[in-house]
Amino acid sequence: GFFDIPTGTFSGLKWGAVWHWCSDSRLIPVDDPETGLSGYADRSTGEMVIPCLYYSVDPANFNDGVATVALSDEDGYETSPWHLINERGETIPLPEGWQSAYANQFSCGRIAVVNPDGLWGYADGTGSIVIPAQFAEAYEFCDGFARVEFADGDMGYIDTDGNVLTRGFAHAFDFRNGYAEVWHSGTNGADKVTGWINTAGEVVPFMDSDRFFPISPDRMWMRTAADYSAPWHLLDGEGNVLTAEPVRLMEMESWSFDEGL
C-alpha cells in the first residue's frame with residue numbers, strides 16, 4: 001500500500017507492488033497482486049482509476065498528464081506497441097507506425113518516439129511530432145535538454161525545439177543540476193576519457209574526471225582522490241574549494257541541495 005503525504009490518505013494493503021517514485025500526477029502505478037499487471041491508482045483516494053492491463057516492469061509515471069504503456073497478456077508479456085495514454089486511460093494517438101518505448105518518460109513537454117524506419121524524434125502531449133525523426137537513439141529531456149545519438153554515431157544534446165546544443169561525444173549522460181557527464185573518447189570504464197559540460201554546452205575545464213558530482217549549478221562535490229573511500233571537498237561553480245577540511249561522506253543519497261541544504 002501507500003500513504004499520500006499531503007492528504008494523509010492510506011490506500012490500504014491491497015497491491016502486489018507500488019512503484020513509489022514521485023511525479024506531478026495524482027496517479028501512481030500499482031500492480032495487481034493476482035495478475036502482476038500494472039495500472040494506476042489515485043494517490044489522494046487510494047482507489048483504482050486505470051485498470052491493471054499493462055506491462056508491469058518499471059511502469060512509466062504520468063508527467064504533465066502523459067504516460068507511455070504497452071498492453072500485457074495474462075503471462076505478463078507485452079502484446080502491443082508502446083503508446084501514450086492520458087490520465088483517463090485514453091490513448092493519445094501517434095502518427096501511423098510510430099510508437100514510444102519501454103520505460104520512456106514524458107518530460108519538458110516532449111517524449112521520444114520512433115518511426116517505422118527506426119529513427120527517433122519527439123512528440124508533444126497531443127501525439128504530434130514536434131522534432132522530426134532523425135536520431136539513431138533518443139532519450140528523455142532533463143534540465144531542458146535531451147541526449148541523443150546522431151546518425152553518424154556520435155552523441156550530443158538538443159533543446160526542446162530540436163536545436164543542437166553540442167555533439168561529438170563518444171557517450172553522454174543526462175543533465176542533472178546544471179551539468180552532464182560526457183565521454184570525450186572510449187567505450188568502457190577502462191579506456192574512457194571523461195568530462196563535464198554545462199547548460200551552455202561548454203566543457204568545464206577543471207571537471208576532468210568522474211570524481212566530480214554536481215549538486216546544483218553552483219555547487220559540486222569533488223573527491224580528493226580516485227579511491228572511492230577518499231574524502232570530499234565542496235566546490236563552487238568556478239572550482240573554488242569551500243570546505244576548510246575535506247569531508248568524509250559515507251554515502252550520498254541525493255545529489256541536490258533542497259532549500260539551501
Side-chain angles (χ1 to χ4, degrees), residues 6 19 21-29 38 40 42-44 49-50 54-55 58-70 80-151 155-167 172-182 197-201 214 216-217 255-256 258:
W19 301 86
W21 49 69
C22 293
S23 77
D24 62 4
S25 174
R26 67 189 178 93
L27 301 180
I28 50 177
S38 289
Y40 294 86
D42 189 311
R43 67 193 316 153
S44 60
V49 176
I50 300 176
Y54 302 112
Y55 184 66
D58 290 341
N61 260 337
F62 276 95
N63 288 296
D64 294 330
V66 178
T68 181
V69 296
S80 71
W82 292 89
H83 59 282
L84 311 181
I85 60 172
N86 62 27
E87 290 185 318
R88 297 184 296 278
E90 301 165 338
T91 296
I92 300 172
L94 291 167
E96 185 175 358
W98 289 66
Q99 62 176 302
S100 185
Y102 160 74
N104 204 5
Q105 299 281 0
F106 187 80
S107 60
C108 298
R110 301 287 185 265
I111 190 165
V113 288
V114 60
N115 74 2
D117 296 324
L119 291 175
W120 289 79
Y122 288 85
D124 63 15
T126 70
S128 299
I129 305 303
V130 291
I131 299 177
Q134 58 193 287
F135 307 111
E137 193 77 49
Y139 301 87
E140 69 185 84
F141 276 87
C142 300
D143 283 3
F145 299 98
R147 59 187 173 109
V148 295
E149 181 182 342
F150 294 92
M155 293 192 71
Y157 299 88
I158 60 171
D159 65 17
T160 54
D161 293 323
N163 301 310
V164 176
L165 173 70
T166 184
R167 61 178 294 183
F173 297 86
D174 291 337
F175 268 92
R176 179 179 290 200
N177 304 320
Y179 299 91
E181 182 185 356
V182 294
I197 62 170
N198 58 26
T199 54
S216 77
W255 288 34
S256 299
D258 187 11

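Residues satisfying the side chain to side chain contact (heavy atoms under 4.5 Å, CB included) test with T160, not counting sequence neighbours, are C108, R110, F141. Annotation: side-chain hydrogen bond (donor to acceptor under 3.5 Å, both in side chains) contacts of D143 (sequence neighbours excluded): none. Qualifying salt bridge (Lys or Arg N to Asp or Glu O under 4.0 Å) partners for D174, counting only residues two or more places apart in sequence or in other chains: R147. The salt bridge (Lys or Arg N to Asp or Glu O under 4.0 Å) check on R43 picks up D4, with sequence neighbours excluded. Among residues two or more places apart in sequence or in another chain, the side-chain hydrogen bond (donor to acceptor under 3.5 Å, both in side chains) test is passed with S44 by D42. Under the rule for a side-chain hydrogen bond (donor to acceptor under 3.5 Å, both in side chains), the partners of W82 that lie at least two apart in sequence or sit in another chain are E78.
Here the CG-CG distance, from D161 to D159, works out to 5.0 Å after rounding to the nearest 0.5 Å. Separating the CZ atom in R88 from the OH atom in Y40 is a distance of 15.0 Å, to the nearest 0.5 Å. Of the inter-residue distances, the one linking F62 atom CZ with Q105 atom CD reads 11.0 Å to the nearest 0.5 angstrom. Here CG of L84 is found 9.5 Å from OG1 of T126. Values are rounded to the nearest 0.5 Å. Here CZ of F145 is found 10.5 Å from CD1 of I158. Values are rounded to the nearest 0.5 Å. Taken from CD1 in I111 to CD1 in I131, the straight-line distance is 12.5 Å, to the nearest 0.5 Å.
The two residues W98 and A133 come nearest to each other via the heavy atoms CH2-CB, 3.5 Å. Contact record, P214 with Y179: CB-CD1, 3.4 Å, taken as the closest heavy-atom pair. Closest approach of L165 and N198 over heavy atoms only: CD2-O, 4.4 Å. Nearest heavy-atom pair, A123 versus F106, reported as atom, atom and distance to 0.1 Å: O-CE1, 4.4 Å. Listed here is the closest heavy atom pair of T68 and A60: O-CB, 3.4 Å. Shown here for G109 and D64, the closest heavy-atom pair between the two residues is N-OD2, 4.3 Å.
Contact annotation: the side chain of N61 never approaches that of S25 to less than 4.5 Å [non-hydrogen atoms, C-beta and beyond]. I197 is listed as a side-chain neighbour of Y157, based on a closest heavy-atom distance under 4.5 Å. The side-chain heavy atoms of Q99 and V114, taken from C-beta on, include a pair separated by under 4.5 Å. Side-chain contact check for V69 versus H83: some heavy-atom pair is nearer than 4.5 Å. For the pair E149/F135, no side-chain contact is recorded, criterion being any heavy-atom separation below 4.5 Å from C-beta on. For the pair Y54/P29, no side-chain contact is recorded, criterion being any heavy-atom separation below 4.5 Å from C-beta on.
Enclosure of atom CD in E90 by more than 12 non-hydrogen atoms of other residues, nucleotides or ligands within 6.0 angstrom is indicated.
Judged by distance alone, with hydrogens and angles left aside, the side-chain atoms of N115 form a donor-acceptor pair with the main-chain N or O of D117 at under 3.5 Å.
Tested against V66 for a side chain to side chain contact (heavy atoms under 4.5 Å, CB included), the candidates I85, N86, I92 yield a single pass: I92.
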